[in-house]
Chemist: 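Starting off with a structure, shown below.
Computed from heavy atoms alone, side chains included, the values below leave out hydrogens, waters and symmetry copies. Nothing here was measured: the structure is a model prediction, and the numbers come from that model. Lettering follows sequence order; numbering is per chain, from 1.
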Amino acid sequence: MIRRHLIDALATALARSGVEPLPATIEIGRPARPEHGDWSSNVALVCARAAGRNPRDLAGELVEHISADPPAHLRTVEVAGPGFVNFHLDDGWLHDVLRQVVGDGVDGYARSDVGAGTTVNVEFVSANPTGPLHVGGGRWAAYGDSLCNILARCGFVPHREYYLNDRGRQMDAFAESLVARKQGTEPPEDGYHGDYIREWAAEMPDGADALEWGYARARRDVAESLARLGVTFDTWSSERALVSSGAVAATLETLEGRGATYCADGAVWLRIADAAHEEAPRGGDRVLVRSNGEPTYLLPDIAYHADKLARGFDLLIDVWGADHHGHVEPLATGVGALGHRREQLEIVLGQLVTVMRGGTEAKISKRAGNVVLLDDLVDLVGPDAARMTFLLQSLGSRQTIDLDVVAAQSMENPVFYVQYAHARICSLMATAAERGVARPPLDEVALELLADPRELEVLRTLHALGDVLSEAARERAPHKLTTWARQLAGAFHGFYHDCPVLRSDIDPARAAARLWLTEAARIGLVIALDLLGVTAPERMESLEAGAPAGET
RNA sequence: GCCCCCGUAGCUCAGGGGACAGAGCAGGGGACUUCUAAUCCCAAGGCCGCAGGUUCGAAUCCUGCCGGGGGCGCCA
């Protein structure tokens, strides 16, 4: 709103200064330093060269034009530094923000339509159904789920999907391992050696089909672990189903018909142009069908992505661990060879999670055992702290989770800082109700009384949410929302500390304004926590007990 | 050898073309007759891995090195 007004004013001023053509986009931003104003633009710097002007002179002219025809809330506008145009506004623009937040409410505030109804299938976790989820899986779960939440708020239509590699060598090895343990012998060398195999084998009834029983057992286990984190899927897709429906065979036929394949050494290969493998014997080419007639993972995977597109999604996003990086090109090539546009397939690679326990790295390998399970982490800190932990950092950063630190300092987890802000608000509202302090209708409240730096900071932070969300959606970066939630909590804690609301020496008009500010902060916190998949508790309890807070 | 990610305060990490680089934790010093101190404030802490380049402007973009992680299977 305010942004639009300022950009319009700049555009008009540029035109009056004879700058043409006008720049495609005029950027304004919020400067880091208060003396640089509330908003700032670099247009003069950007346009100076093309316009054959000195940036400061041009900026000065813009300032004159803008001053002559000032936009709403403008106090002063000035040239600064190498040619920035800095706007200083009255506090009214922030009071407008409060009205907007409260008017739109939890459901409406900071919604956008940048997604324009784009349907997007987000596939994440998709761990093999051969055992329980390890800690690393939690990162993809928290990421994928929150990304979907954010996309939905930005006008996309997300669909959460889990792909089960429920056939092939890994499944066979898993079944063999169960059978071996059941019979009291060692699993094969390349089988699964984790402790859970022993436990599951003991559970397995006599005469059960180890593969089918184990598959169901693993699936249930994974779904339960995910549910504890608050993650559920719209669709669980099965590799087997793609084989039995003939989709895999049809995909192979199409690829062959389009000349994307060739036969060598008794196998069917997919031709891949891949700079990473220029010097390999067959370049980056990959086997689709082994010489024994069995497809590799790749062929069903291509069929699977074709299936997703056939179901009508505009965009597919796959969330993969960085250890699958080598599969991006083969899959994209295969999907492209079927005639799909490559832009419809987007693969997000997340760096792996390292788990530390007892000062050493706990290897994440299902086959070797010694795994740290997602359930272990959730047991230790609770679902809220676990989710927030995963969403603290960008996916591009490797994440190290030190279980000893997490356990010892669970109270220091930022999740409690943010949840506490919400709990404080609830407590404040409850106290207001107890004392019979009513909140008058917003349009009867003197918002201009909100002028304390702490009050204004809360409003400035709330204003940023829309930008933060569209950026988080566009960059597929939920952690940006986590950062924002921490900022809003910080702004509120500062306000709470410095600006009493219900104290007897605060006059009713000011109390009313502050109560509405509190309500606006509440709305912002609820929105963010909900999108992050973290609960917004009304009370924080058991500080002394050391139990995970925020659970009810 | 080739491909991808990372290198920012003692530690964990934000910031990813704008103006003097941020937070949390650890460590130092303060603030509860009050709406919950799981909070707040102050001080301290940095050649943003190194070297070039592009730009009015580089932690941010490009190139090359150095260091760490991952990948280069008829496993997934």
Chemist: Can you see which heavy atom on A:Val458 is nearest to which on A:Ala521, and at what distance?
Modeler: CG1-CB, 4.2 Å
Chemist: Which nucleotide sits closest to the side chain of A:Arg486: B:A37, B:A23, B:C75?
Modeler: B:A23
Chemist: Could you tell me whether the phosphate oxygens of B:A37, OP1 or OP2, come under 4.0 Å of any side-chain nitrogen or oxygen in A:Arg424?
Modeler: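 So the side chain of A:Arg424 is within the cut-off, an N or O lying under 4.0 Å from OP1 or OP2 of B:A37.
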Chemist: For A:Cys426, answer base if it contacts any base atom (sugar-phosphate contacts may also be present), sugar-phosphate if it contacts only those atoms, and nothing otherwise; contact means non-hydrogen atoms under 4.0 Å.
Modeler: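 Nothing, no heavy atom under 4.0 Å.
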Chemist: Taking the inter-plane angle between the rings of A:Tyr262 and A:Trp269 on a 0 to 90° scale, is it parallel (under 30°), tilted (30 to 60°) or perpendicular (over 60°)?
Modeler: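 Aromatic pair A:Tyr262/A:Trp269 classed parallel.
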Chemist: Using whole Å, report how far CD of A:Glu294 lies from P of B:C75.
Modeler: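 About 10 Å, once rounded to whole Å.
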Chemist: Across the strands shown, which category fits A:Asp265 at heavy-atom distances under 4.0 angstrom: base, sugar-phosphate, nothing?
Modeler: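 Contact class for A:Asp265: base.
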Chemist: For RNA chain B, please output the secondary structure as dot-bracket, reading 5' to 3'. Pairs are Watson-Crick or G-U wobble, both atom distances under 3.5 Å; mark crossing pairs with [ ], other-strand partners with |, unpaired with a dot.
Modeler: (((((((..((((....[...))))..((((.......))))......(((((..]....))))))))))))....
Chemist: With sugar-phosphate meaning primed atoms plus P, OP1 and OP2, does A:Arg56 contact a base, only sugar-phosphate, or nothing at under 4.0 Å between heavy atoms?
Modeler: nothing
Chemist: Which one, B:A38, B:U39, B:A76, comes nearest to the side chain of A:Phe416?
Modeler: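 Comparing B:A38, B:U39, B:A76 against the side chain of A:Phe416, the answer is B:A38.
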Chemist: Stepwise, does the side chain to side chain donor-acceptor pair (under 3.5 Å) test hold for A:Thr389 with A:Asn413?
Modeler: CA-CA 8 Å; A:Thr389 298; A:Asn413 189 306; 3.0 Å; yes
Chemist: Please determine whether a side-chain nitrogen or oxygen atom of A:Thr296 lies at a distance below 4.0 Å from atom OP1 or OP2 of B:G73.
Modeler: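 For B:G73, OP1/OP2 do not have a side-chain N/O of A:Thr296 under 4.0 Å.
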Chemist: Which is it for B:C41, anti or syn, if anything within 90° of zero counts as syn?
Modeler: anti
Chemist: Any N or O donor-acceptor pair under 3.5 Å from the base of B:A76 to the side chain of A:Asp166?
Modeler: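 Between B:A76 and A:Asp166, which were checked side chain against base, a qualifying N/O pair under 3.5 Å is absent.
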Chemist: Heavy atoms from C-beta onward define the side chain here; which of B:C40, B:C35, B:A76 lies closest to that of A:Gln170?
Modeler: B:A76
Chemist: With C1' as the reference atom in both, quote the distance from B:G7 to B:G49 in angstrom, rounded to an integer.
Modeler: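 Comparing C1' positions in B:G7 and B:G49 gives a spacing of 6 Å.
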Chemist: By nearest atom, which of the nucleotides B:C74, B:U36, B:C40 is closest to the A:Arg290 side chain?
Modeler: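 Looking only at side-chain atoms, A:Arg290 lies closest to B:C74.
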Chemist: For the side chain of A:Asp323, counting heavy atoms from C-beta on, which of B:A14, B:G70, B:A37 is nearest?
Modeler: B:G70
Chemist: Rounding to a whole Å, what distance do you find between A:Leu392:CG and B:C11:C1'?
Modeler: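 Between C1' of B:C11 and CG of A:Leu392: 14 Å.
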Chemist: As a test of reading the structure: which of B:G70, B:C40, B:C35 is closest to the side chain of A:Asp498, going by heavy atoms?
Modeler: B:C40
Chemist: Would you say A:Thr296 and A:Val289 make side-chain contact, with heavy atoms under 4.5 Å?
Modeler: no
Chemist: Strictly below 4.0 Å, heavy-atom distances to any atom of RNA chain B: list the hits from residues 33-40 of chain A, or just say none.
Modeler: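 The stretch gives A:Arg33, A:Glu35, A:His36, A:Ser40 as the residues lying under 4.0 Å from the strand, ordered by number.
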Chemist: Mark yes or no for a side-chain to base donor-acceptor pair under 3.5 Å between A:Gln393 and B:C13, with no hydrogen or angle criteria applied.
Modeler: no
Chemist: Is there a side-chain contact between A:Tyr297 and the phosphate of B:A76, meaning an N or O under 4.0 Å from OP1 or OP2?
Modeler: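 Answer no for this pair, as no side-chain N or O of A:Tyr297 is under 4.0 Å from OP1 or OP2.
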Chemist: Can you identify which nucleotide, out of B:C74, B:G15, B:A76, has its nearest atom closest to the A:Lys480 side chain?
Modeler: B:G15
Chemist: Centroid-to-centroid, A:Tyr417 to A:Tyr420, below 6.0 Å?
Modeler: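 Aromatic pair excluded; centres sit 6.0 Å or further apart.
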Chemist: Using the P atom as the point on both nucleotides, what is the distance between B:A21 and B:A58, in whole Å?
Modeler: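 Comparing P positions in B:A58 and B:A21 gives a spacing of 13 Å.
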Chemist: Any donor-acceptor pair, under 3.5 Å, between the side chain of A:Ser397 and the base of B:C6, if you only look at N and O atoms?
Modeler: no
Chemist: Kindly point out which of B:A38, B:C40, B:G18 is positioned nearest to the side chain of A:Tyr420?
Modeler: B:A38
Chemist: Sticking with atom C1', work out how far B:C4 lies from B:G22, rounded to a whole angstrom.
Modeler: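 Here B:C4 and B:G22 have their C1' atoms 28 Å from each other.
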Chemist: Given the P atoms of B:A19 and B:G57, what is the spacing between them in whole Å?
Modeler: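 Between the two P atoms, the distance is 14 Å.
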Chemist: Take atom CG of A:Asp505 and atom P of B:U33, then tell me their distance rounded to the nearest Å.
Modeler: 15 Å
Chemist: Go through B:C4, B:U36, B:A76 for me and flag the one nearest to the A:Ser427 side chain.
Modeler: B:U36
Chemist: Rounded to the Å, how far apart are A:Leu395 CG and B:G70 C1'?
Modeler: 15 Å
Chemist: Roughly, in whole Å, what's the span from OH in A:Tyr496 to P in B:A38?
Modeler: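 It is 10 Å, rounded to the nearest whole Å.
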Chemist: Applying a 4.0 Å non-hydrogen cut-off, can you work out what A:Ser394 is touching in the nucleic acid: base, sugar-phosphate, or nothing?
Modeler: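 Sugar-phosphate, no base atom in range.
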Chemist: Would you mind reporting whether A:Glu256 and A:Val268 have side-chain heavy atoms less than 4.5 Å apart?
Modeler: yes
Chemist: Contact between A:Thr535 and A:Gln419 at the side-chain level, heavy atoms closer than 4.5 Å - yes or no?
Modeler: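 Yes, at least one pair of side-chain atoms sits under 4.5 Å.
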Chemist: Say we look at B:C6 and B:C13: how far apart would their P atoms be, to the nearest angstrom?
Modeler: 13 Å
Chemist: Quantified in whole Å, what is the C1' atom distance between nucleotide B:A26 and nucleotide B:A44?
Modeler: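 Their C1' atoms lie roughly 13 Å apart.
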Chemist: Could you state the atom-to-atom distance from NE2 of A:His88 to C1' of B:A19 in whole Å?
Modeler: 13 Å
Chemist: Pick the C1' atom in B:C48 and in B:A59, then give their distance to the nearest Å.
Modeler: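 The answer is 4 Å between these two C1' atoms.
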Chemist: Hey, are the side chains of A:Glu457 and A:Phe495 touching, using non-hydrogen atoms and a 4.5 Å cut-off?
Modeler: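 A:Glu457 vs A:Phe495: side chains apart.
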Chemist: In whole angstrom, what separates A:Leu331's CG from B:A76's C1'?
Modeler: 13 Å
Chemist: Tell me whether the side-chain N or O atoms of A:Asn42 pair up with the base of B:G18 as donor and acceptor below 3.5 Å, since no angle test is needed here.
Modeler: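 Counting by modelled atom types and ignoring angles, a donor-acceptor contact under 3.5 Å is found here.
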Chemist: Please determine if A:Glu475 and A:Lys480 form a salt bridge, counting it only when a charged side-chain N lies under 4.0 Å from a carboxylate O.
Modeler: yes
Chemist: Compare all side-chain heavy atoms of A:Leu515 with those of A:Val501 and state whether any distance is below 4.5 angstrom.
Modeler: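 Side chain of A:Leu515 against side chain of A:Val501, heavy atoms only: contact under 4.5 Å found.
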Chemist: Side chains of A:Val348 and A:Trp140: closer than 4.5 Å at any heavy-atom pair?
Modeler: no
Chemist: Output yes when at least one side-chain N/O atom of A:Arg169 is less than 4.0 Å from OP1 or OP2 of B:C75, else no.
Modeler: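 So the side-chain polar atoms of A:Arg169 do come within 4.0 Å of the phosphate oxygens OP1 or OP2 of B:C75, strictly under.
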Chemist: Would A:His493 and A:Arg424 count as having a side-chain donor-acceptor pair, cut-off 3.5 Å?
Modeler: yes
Chemist: Please measure how far the P atom in B:A9 lies from the corresponding atom in B:C3, and state the result in whole Å.
Modeler: 29 Å
Chemist: Are the side chains of A:Gln351 and A:Ser394 in contact, using a 4.5 Å heavy-atom criterion?
Modeler: no
Chemist: In whole Å, what is the span from the CG atom of A:Leu299 to the P atom of B:A76?
Modeler: 11 Å
Chemist: Give a yes/no on whether any side-chain N or O of A:Tyr417 is located under 4.0 angstrom from OP1 or OP2 of B:C40.
Modeler: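 Indeed, a polar side-chain atom of A:Tyr417 lies that close.
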Chemist: Indicate, with a heavy-atom threshold strictly under 4.0 Å, whether A:Pro500 touches base, sugar-phosphate, or nothing.
Modeler: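 Base contact.
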Chemist: Is there a donor-acceptor contact under 3.5 Å linking the side chains of A:His305 and A:Asp318?
Modeler: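 There is such a pair (donor and acceptor under 3.5 Å, judged by atom type) between the side chains of A:His305 and A:Asp318.
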Chemist: What nucleotide, of B:G15, B:U36, B:C74, holds the atom closest to the side chain of A:Trp269?
Modeler: B:C74
